[in-house]
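The block underneath contains the structure these notes are about, expressed in structure tokens.
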Protein chains: 2
Amino acid sequence: MARIAGSSGPRTEEAIRRAGLQLLYTHGYAAMSLRQLAAEVGIQQGSLYNYFRNKQEFLFDLIRTHMQDLHAALDAALLREGSAAERLQRFVEFHVAYHIERPQQVFICYSELRSLEPDNLEVIVAMRRDYERKLGAILDLGRETGEFQLADTRMGTLAILAMLSGICNWYRPDGRLSTDAVQAIFTGMVLALARGEGEAAVQAPPAPLTRLAARLR
Amino acid sequence: MARIAGSSGPRTEEAIRRAGLQLLYTHGYAAMSLRQLAAEVGIQQGSLYNYFRNKQEFLFDLIRTHMQDLHAALDAALLREGSAAERLQRFVEFHVAYHIERPQQVFICYSELRSLEPDNLEVIVAMRRDYERKLGAILDLGRETGEFQLADTRMGTLAILAMLSGICNWYRPDGRLSTDAVQAIFTGMVLALARGEGEAAVQAPPAPLTRLAARLR
DNA sequence: GTCTATAGATGGATAGAC
DNA sequence: GTCTATCCATCTATAGAC
């Protein structure tokens with residue numbers, strides 16, 4: 001993976017981003033050393049400081065850039081017209097495709113929030129809230145038009161995002177299903193979730209189960 | 001948080017587990033120092049080695065113990081009779097309650113898999129697969145009886161687990177909803193997901209969306 | 001922009017007294 | 001079982017030559 005020593009400027013910057021992404025994905029922020037990063041790029045460790053002021057700034061830039069790309073791509077893909085179901089389908093297709101194409105970036109943006117210093121974290125969390133709101137607006141619309149029967153649109157938002165974002169934890173390009181197939185299957189599941197009334201199968205209260213779990217704590 | 005110096009044996013062991021859980025949850029394995037851990041417990045750092053051979057063994061024990069508890073609690077709660085819908089409802093109620101009661105343990109068991117050495121990871125992944133299979137069996141049963149219309153039960157398993165496990169990322173005891181309310185809402189969403197056919201709202205292929213996302217990469 | 005060299009701090013783990 | 005003291009490795013970040 002080592003590059004030619006002496007390669008300069010933009011090429012090095014891009015190499016650092018790529019290698020950093022891979023190392024963050026594999027080892028995590030705290031376990032990724034700048035010596036490793038420099039070795040992957042093919043430069044000496046001190047030279048990295050020509051590209052960022054410190055390790056934290058490097059992480060923050062990587063995450064913020066990804067969140068900006070995500071928003072831009074969503075805005076380009078999302079329908080502003082059509083039924084709520086159509087918009088939801090577009091959202092799912094977009095989100096699935098984006099997560100399948102950038103599993104590393106997506107994973108880091110979830111898993112390394114804890115590694116951000118408070119001020120930086122605040123910025124990213126705000127961007128994430130905006131993204132959630134765009135899905136929330138679709139679910140709210142669907143409830144107004146009667147297309148969706150969700151008991152709670154906020155919980156629906158969180159459930160759908162968790163379900164879709166989980167894809168980057170198991171999807172493999174050489175796996176059983178193509179991107180299109182995954183998109184189709186998840187679109188079906190999300191639409192069913194949003195439309196269905198999902199009345200309970202059993203009426204008995206779940207309290208005893210909770211106690212059981214507590215006993216084993 | 002410091003405890004009385006000189007406290008011995010089982011009390012210290014329990015204190016180490018509790019403090020370790022908190023530190024792993026807050027900072028992660030790589031960023032958690034044994035000096036921090038010892039300080040939280042109220043002992044000196046060297047004394048920790050009376051309770052584990054090294055840091056890795058401590059993490060592994062914590063995760064393995066949690067997975068064992070999870071399996072035992074599920075087996076105690078899961079119906080072996082009844083319709084697939086009833087069993088699925090029980091599964092969701094159990095899983096939600098368990099995750100709400102132990103958000104830290106659950107979070108660590110997902111986020112620190114990367115910190116396990118290969119042999120240890122293998123053990124945990126096998127336990128996790130067993131857990132997934134128990135949900136998968138319910139979905140398969142439902143498809144055989146015609147209760148469920150899932151396009152792909154394996155994807156259904158992954159989707160449901162991601163959706164439910166995401167709860168520990170946002171649930172707060174002092175939040176808007178009680179445990180019972182969260183259980184009821186998620187039961188409804190999961191049952192709707194499993195039952196619904198979820199035909200697409202739009203027939204057009206999603207290929208252009210994928211290209212759009214790629215353009216912004 | 002890259003290199004070498006190093007400061008300064010912190011980490012996991014061990015040894016031996018009590 | 002807990003303490004003190006320490007070894008040795010590794011880390012981020014900086015300084016200055018080329």
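The sequence lines fix the lettering, A, B, ..., with proteins before strands; numbering per chain opens at 1.
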Salt-bridge criterion met for [X] and [Y] (N-O under 4.0 Å):
X       : Y       : value
R176(B) : D152(A) : yes
E86(A)  : R90(A)  : no
E13(A)  : R17(A)  : no

Measuring centre to centre across the rings, with the benzene-like ring taken for any Trp, is Y110(A) within less than 6.0 Å of F107(A)?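 Ring centroids of Y110(A) and F107(A) are no less than 6.0 Å from each other.
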Pair Y131(B) + F91(B): ring centers closer than 6.0 Å: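 Yes, ring centres under 6.0 Å apart.
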Could you give the [atom1]-to-[atom2] distance, from [X] to [N], as a whole number of Å?
X      : N       : atom1 : atom2 : answer
Q44(B) : dA5(D)  : CD    : P     : 10 Å
I16(A) : dG1(C)  : CD1   : P     : 10 Å
N50(B) : dC18(C) : CG    : C1'   : 14 Å
L48(B) : dA13(C) : CG    : C1'   : 11 Å

For dT2(C), take OP1 and OP2 only and decide whether either is under 4.0 Å from a side-chain N or O of T12(A).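 So the side-chain polar atoms of T12(A) do come within 4.0 Å of the phosphate oxygens OP1 or OP2 of dT2(C), strictly under.
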Taking only nitrogen or oxygen atoms into account, show me every contact under 3.5 Å that the protein makes with nucleotides 7-14 of chain D, one pair per line with its distance.
from: dC11(D); atom 1: OP1; to: S33(A); atom 2: OG; distance (Å): 3.4
from: dT12(D); atom 1: OP1; to: M32(A); atom 2: O; distance (Å): 3.3
from: dT12(D); atom 1: OP1; to: L34(A); atom 2: N; distance (Å): 3.4
from: dT12(D); atom 1: OP1; to: K55(A); atom 2: NZ; distance (Å): 3.1
from: dT12(D); atom 1: OP2; to: L34(A); atom 2: N; distance (Å): 2.9
from: dT12(D); atom 1: O4; to: R35(A); atom 2: NH2; distance (Å): 3.4
from: dA13(D); atom 1: OP2; to: Y49(A); atom 2: OH; distance (Å): 3.0
from: dA13(D); atom 1: OP2; to: K55(A); atom 2: N; distance (Å): 2.9
from: dA13(D); atom 1: O5'; to: Y49(A); atom 2: OH; distance (Å): 3.4
from: dA13(D); atom 1: N7; to: Q45(A); atom 2: NE2; distance (Å): 3.2
from: dA13(D); atom 1: N6; to: Q45(A); atom 2: OE1; distance (Å): 3.0

If every non-hydrogen atom of E93(B) is compared with every non-hydrogen atom of Q183(B), which pair is closest and at what distance?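 Closest approach of E93(B) to Q183(B), heavy atoms only: O-NE2, 2.8 Å.
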Quick check for you: among dG1(C), dT2(D), dT4(C), whose closest atom lies nearest to any side-chain atom of Y51(B)?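 Of all the options, the side chain of Y51(B) is nearest to dT2(D).
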